[in-house]
Amino acid sequence: MEVFSHSRLSKYESCPAAFYRHYVLEAPEVPSEPLVLGKACHTVIETAMRLGQKDENFFRLMSKAVLDTAPIPIEPEEVFSLTCNDSVLREFHPGNKIEEHLLASLSDEPFAPQVQGYIDLWRDENCVQLVDWKTNRKAYTPTDTKQLGLYAWYLSKLTGKAVRGKLVFLRLNEAIEHQFSCRDMEDAREWALTLALEIQKKLYKVSKGEDCQGLFPATPGDPCRYCGFAFECVNGELPVPGEIKSYDEAVKLGAEVLRLEAALNQMKGYLKGYVEACGPVVVGGRKFLIAPTNYWDWSSEAVQAVIKKIEEGKKDPYSFLKPDSYQMKKLKWDEKYYEILGAVRKTKYAFKHVSAN
Ligand code: SF4
């Protein structure tokens, strides 16, 4: 492996096993929702900018078009609201360079590893303006990861100018900027070079017959939440099979699902006990804690007031308020009676396990 990208390197850094499986074995990975949503948003923005289209209808049509072949269902309205907003529209400038490919050697040594990537947006002004779109739910600064630092290093080499980077958080309509210093950019380059050389060394050892699981160990934690290999990673180990090829394999997988569900409940129980006694536990970017859940308790008087208010707005209150199955069971009526009253029986299908007898 000679060419690396920020996503390759950060995947290796967060879990070497996931990196090895994805980039070396090229095993198919179940796409995650954040990945598919992020790609869709990038495509919509890229197309709108290339065509100079700021029109709402264009964004709406594109949001639908890019999701037509998406591997998991996502609402076009979500992509539309993330992309057709002020934080994107204000970045339309004549000198924009959009989704430009970067490829550079990470050092002057012969055969040094290279870094590549696609820069969302940059333009050459008094200093270079570098922009990267993010669909994350939580904002972070441009130096919290090395991605923008690497791009800044490349652009500063290319133009000889200072680089101002900006992360645009589409969901939050918020942008966080940073003027990259030489130290920031050098840190990013050194980070990439160190990891790339480490990976190359390990891959060489694997080619000489060393155990890949020991060299690229699974490291369970925060990244597992969006790992496409989570379903086949048991206790931090990845067995070889991918898709199910026989009924026997399906039975084995089903057995593992039952064990994992039980194990998960037990582990959650132990962790909850610890948190109750000792306080929150932080795992990467996630925190386990005892959090309150708020809900509304409606008295009969309050429900009557709701019905009155809806009627005042000239709407049918019974299209909003329907008896739910849990409440109906309390009346202990025979279900045949529901039909006489005019309810229609409907069936939904869900994947679950039930008693086989
Ligand atoms: S599930 Fe977690 S530990 Fe397993 S490969 Fe994925 S990131 Fe690594």
Side-chain angles (χ1 to χ4, degrees), residues 1 4-39 70-72 117 134-138 140 144-147 191-192 194-207 210-245 249-250 252-272 274-275 280-289 351 353:
M1 191 177 285
F4 296 82
S5 62
H6 176 264
S7 44
R8 257 175 207 218
L9 296 168
S10 53
K11 195 164 186 109
Y12 170 78
E13 199 178 33
S14 61
C15 179
F19 161 86
Y20 188 80
R21 201 154 179 81
H22 185 97
Y23 292 108
V24 183
L25 297 182
E26 295 181 358
E29 186 173 1
V30 179
S32 66
E33 198 252 25
L35 188 79
V36 177
L37 180 71
K39 271 191 180 165
I72 49 175
K134 296 287 174 207
T135 50
N136 303 50
R137 291 175 190 277
K138 217 173 149 206
Y140 56 87
D144 282 347
T145 75
K146 298 286 188 268
Q147 183 195 15
W191 168 85
T194 308
L195 289 183
L197 291 172
E198 189 176 308
I199 293 168
Q200 285 183 329
K201 215 159 137 188
K202 287 186 179 183
L203 288 176
Y204 177 74
K205 287 183 180 176
V206 172
S207 75
E210 271 197 47
D211 171 36
C212 64
Q213 289 211 354
L215 289 163
F216 293 91
T219 53
D222 200 4
C224 302
R225 294 191 316 126
Y226 300 114
C227 176
F229 304 124
F231 78 104
E232 51 184 314
C233 179
V234 181
N235 292 334
E237 289 200 10
L238 286 157
V240 177
E243 66 190 57
I244 302 169
K245 295 186 194 70
E249 282 188 7
K252 276 189 197 147
L253 192 61
E256 189 55 21
V257 167
L258 295 177
R259 186 190 74 77
L260 283 174
E261 280 181 356
L264 182 66
N265 285 338
Q266 287 160 12
M267 288 189 282
K268 279 187 173 172
Y270 288 134
L271 193 56
K272 184 175 170 224
Y274 178 89
V275 169
V281 172
V282 177
V283 181
R286 308 293 295 173
K287 178 154 67 172
F288 290 90
L289 76 170
F351 172 70
H353 52 83

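Starting from 1, each residue takes its place in the sequence as its number. Values reported hereafter were calculated over all heavy atoms of this structure, with side chains retained and with hydrogens, waters and symmetry mates removed. When a ligand or atom number is given, it counts from 1 through the structure's own listing order.
Panel note: side chain Lys202, backbone Leu215; a donor-acceptor pair is recorded below 3.5 Å. At least one donor-acceptor pair under 3.5 Å links the side chain of Thr219 to the backbone N or O of Ser14.
Ligand-side atoms of ligand 1 in range of Cys15: 3 (S), 5 (S), 7 (S), 8 (Fe), range being under 4.0 angstrom from any heavy atom. Close approach to Ala230 involves these atoms of ligand 1, each under 4.0 Å from a residue heavy atom: 1 (S).
Distance check for Cys227 against atom 8 (Fe) of ligand 1: none of its N/O/S atoms falls below 2.8 Å.
The salt bridge (charged side-chain N to carboxylate O under 4.0 Å, His left out) search around Lys272 returns Glu276, not counting sequence neighbours.
Note that CG of Leu195 is 9.0 Å distant from OG of Ser10, once rounded to the nearest 0.5 Å.
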